[in-house]
Amino acid sequence: MNTIDLRSDTVTVPTPEMREAMATAVVGDDVYGEDPTINELEATAAEMLGKEAALFVVSGTMGNLTSVLTHCGRGDEMILGKQSHIFRYEVASAAAYGGIQPNTIPVLPDGTMNLDDIRDNIRGENSHFPTTRLICLENTHGGAVGAPVTAAYVAQVAEIARANHLKLHVDGARLFNAAAALNTPARELVEHADSVSICLSKGLCAPVGSVIVGSREFIHRAHRVRKSLGGGMRQAGILAAAGLIALRQMTQRLHEDHANARLLAEGLAQLPGIDIDLNSVKTNMIFFALKPDAPLSIEELSEQLKVKYNILMRPYSVQDRSVRVVTHYWIRQEHVTAILHALRELLAPNYQRLASD
Ligand code: TLP
């Protein structure tokens with residue numbers, strides 16, 4: 001039986017069409033700017049996101065790090081969410097390689113940060129203070145159940161940034177999910193951002209790669225930063241070929257993943273022992289928790305799903321008994337039915353027996 005892997009959309013493997021395009025891609029040395037497929041990918045990303053230029057990078061982490069290092073110098077400060085990917089899951093790379101201090105503020109359930117919190121955390125002129133240089137947003141926000149952040153909010157943050165001579169970076173690893181959920185073109189969501197990092201290898205199915213976009217001048221400097229991080233990839237047009245299909249085709253179908261997430265969430269809400277806030281499910285992510293009286297621990301549940309049904313889920317917090325589930329291209333409606341069936345078998349009989357004890 002094929003594995004049903006819900007741990008993340010990073011697990012997506014390339015489509016047969018991507019593999020075909022990779023096999024026949026025309027390539028060259030990208031460090032010399034001579035890989036035609038990478039050049040096409042970068043031009044396509046820049047055009048789709050309404051920016052002057054783009055740069056292909058290895059990963060989302062490298063996209064964010066390259067952007068942050070391009071905007072900030074040692075001893076500078078960046079304002080970002082305490083639940084943001086850059087702060088939580090990128091190995092403190094901005095601090096480690098750039099000497100950049102994170103100044104974190106809480107992320108609200110809709111994926112935003114309070115505007116007054118942002119304003120209050122911008123440093124004034126004082127010889128004791130670091131210089132605030134950058135604000136980072138995340139869209140969709142993984143720390144807020146994949147909440148899509150609106151263009152109107154991004155514009156408000158950009159206004160604060162401009163008024164205080166700061167730059168605005170958007171971690172748009174799942175920007176096209178936000179665009180699909182809000183029915184807003186991706187370029188409108190980042191119109192006022194100075195830099196954006198998008199991932200090709202999550203819901204868009206490419207095997208490797210992210211792209212950062214911004215002004216020509218920003219990308220020129222980012223190019224040197226990427227090289228210094230070891231990210232000059234030579235004949236990586238074989239990867240960019242898959243990335244082009246990701247951008248042109250896969251961005252158009254993300255609403256299917258959102259519909260499957262909704263279907264799954266609604267099924268989960270019907271099951272005994274499961275606690276889920278249906279209002280929190282806005283894109284392709286679901287967080288649910290086991291109720292305190294459910295008969296299994298979260299580790300037991302994921303272990304049994306794996307061993308008995310070949311279904312993979314990622315326990316999120318053992319303490320809260322919560323799980324993260326992410327839908328993607330390789331999860332179809334029939335898988336949703338299979339997942340709900342498995343959970344019913346694992347939870348319902350035990351639960352009923354416990355209830356009647
Ligand atoms: N996120 C991964 C894990 O690292 C948590 C996942 O499974 O969701 N920004 C955001 C918002 C991300 O969710 C991720 C990956 C990244 C950046 C980093 O991308 P990669 O893994 O390509 O370095």
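We count ligands from 1, going down the list as the structure has it; atoms in each ligand are counted the same way. Keep in mind that this is a model prediction, so the values were computed, not measured. Throughout, residue positions are numbered sequentially from 1 according to the sequence presented.
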Is any side-chain N of the basic residue among Asp30 and Arg226 closer than 4.0 Å to the acidic one's carboxylate O? yes
Quick one: CE on Met22 to CG on Leu239, what's the gap to the nearest 0.5 Å? 5.5 Å
Is it the side chain, the backbone, both or neither of Arg174 that has a heavy atom closer than 4.0 Å to ligand 1? side chain
Could you tell me whether Gly60 and ligand 1 have an N or O pair separated by under 3.5 Å? yes
What part of Arg324, side chain, backbone, both or neither, has a heavy atom within less than 4.0 angstrom of ligand 1? side chain
For atom 11 (C) of ligand 1, which candidate among Arg314, Met285, His141, Glu138 holds the nearest heavy atom? Glu138
Nearest 0.5 angstrom please: Ile135 CD1 to Ile122 CD1, how far? 5.0 Å
Answer with side chain, backbone, both or neither: which part of Ala173 has a heavy atom less than 4.0 angstrom from an atom of ligand 1? side chain
Distance from His335 atom NE2 to Leu6 atom CG, nearest 0.5 Å? 9.5 Å
How far is atom 5 (C) of ligand 1 from the closest protein heavy atom, and which atom is that? His85 NE2, 3.7 Å
Does any N or O atom in Ser8 lie less than 3.5 angstrom from one in ligand 1, N or O only? yes
With heavy-atom distances below 4.0 Å as the criterion, list the atoms of ligand 1 near Glu90. 17 (C)
Between Glu42 (side chain only) and Ala53 (backbone N and O only), is there a donor and an acceptor less than 3.5 Å apart? no
Whether the His328 and Asn284 side chains hold a donor-acceptor pair (N or O, under 3.5 Å, no angle test) is what I'd like checked. no
Taking 4.0 angstrom as the limit and counting only heavy atoms of Thr61, give me the atoms of ligand 1 inside it, by number and element. 18 (C), 19 (O), 20 (P), 23 (O)
Taking the side chain as C-beta and beyond, is there a heavy-atom pair between Ile160 and Leu168 under 4.5 Å? no
Is the shortest distance from a heavy atom of Arg7 to ligand 1 less than 4.0 Å? no
Based purely on interatomic distance, does Lys202 place a nitrogen or oxygen under 3.5 Å from a nitrogen or oxygen of ligand 1? yes
Note: heavy atom closest to atom 9 (N) of ligand 1, options Asn64, Asp171, Ile198, belongs to Asp171
